[in-house]
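First up is the structure itself, then whatever we jot down about it.
Worth saying up front: this structure is predicted, and the values here are computed from it rather than measured.
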Amino acid sequence: MAIAPQVFQLDDEKKAVVIDPDGDTEENIWAAAEACPPKAIILDDDQGNQMFP
């Protein structure tokens, strides 16, 4: 959320959720995923194929 706050927000359970998948650049979204310690952010391509982690 610190890297792409327009994309991710904490829900009531303090879990990060996507609020706007187009809210930041692809580079910042990748950086947010790579910086997530438990690797909880999963990035998929337009066909649903997992690209990260």
- Going from CD on Q6 to CD1 on I19, what distance comes out if it is rounded to the nearest 0.5 angstrom? 8.0 Å

- From D24 CG over to I3 CD1, what is the distance, rounded to the nearest 0.5 angstrom? 10.0 Å

Listing, residues 30-41 side-chain donor-acceptor contacts under 3.5 Å, not counting sequence neighbours, or none:
unit_1	atom_1	unit_2	atom_2	d
K39	NZ	E34	O	2.7

Tell me which donor-acceptor pairs under 3.5 Å the side chains of residues 7-17 have, and how far apart each pair is, sequence neighbours excluded?
unit_1	atom_1	unit_2	atom_2	d
D11	OD1	E13	N	2.9
D11	OD1	K14	N	3.1
D11	OD1	K15	N	2.9

- Note on the structure: Students should find that the hydrophobic cluster of I42, defined by side-chain heavy atoms under 4.5 Å apart, otherwise consists of none

- side-chain contact (heavy atoms from CB on, under 4.5 Å) partners of E27, counting only residues at least two apart: T25

Counting only pairs under 3.5 Å, give me each side-chain donor-acceptor contact of residues 43-53, with atom names and distances, residues two or more places apart or in other chains.
unit_1	atom_1	unit_2	atom_2	d
D45	OD1	Q47	N	2.9
D45	OD1	G48	N	3.1
D45	OD1	N49	N	2.8
D45	OD2	N49	ND2	3.3
Q50	NE2	P53	O	2.9

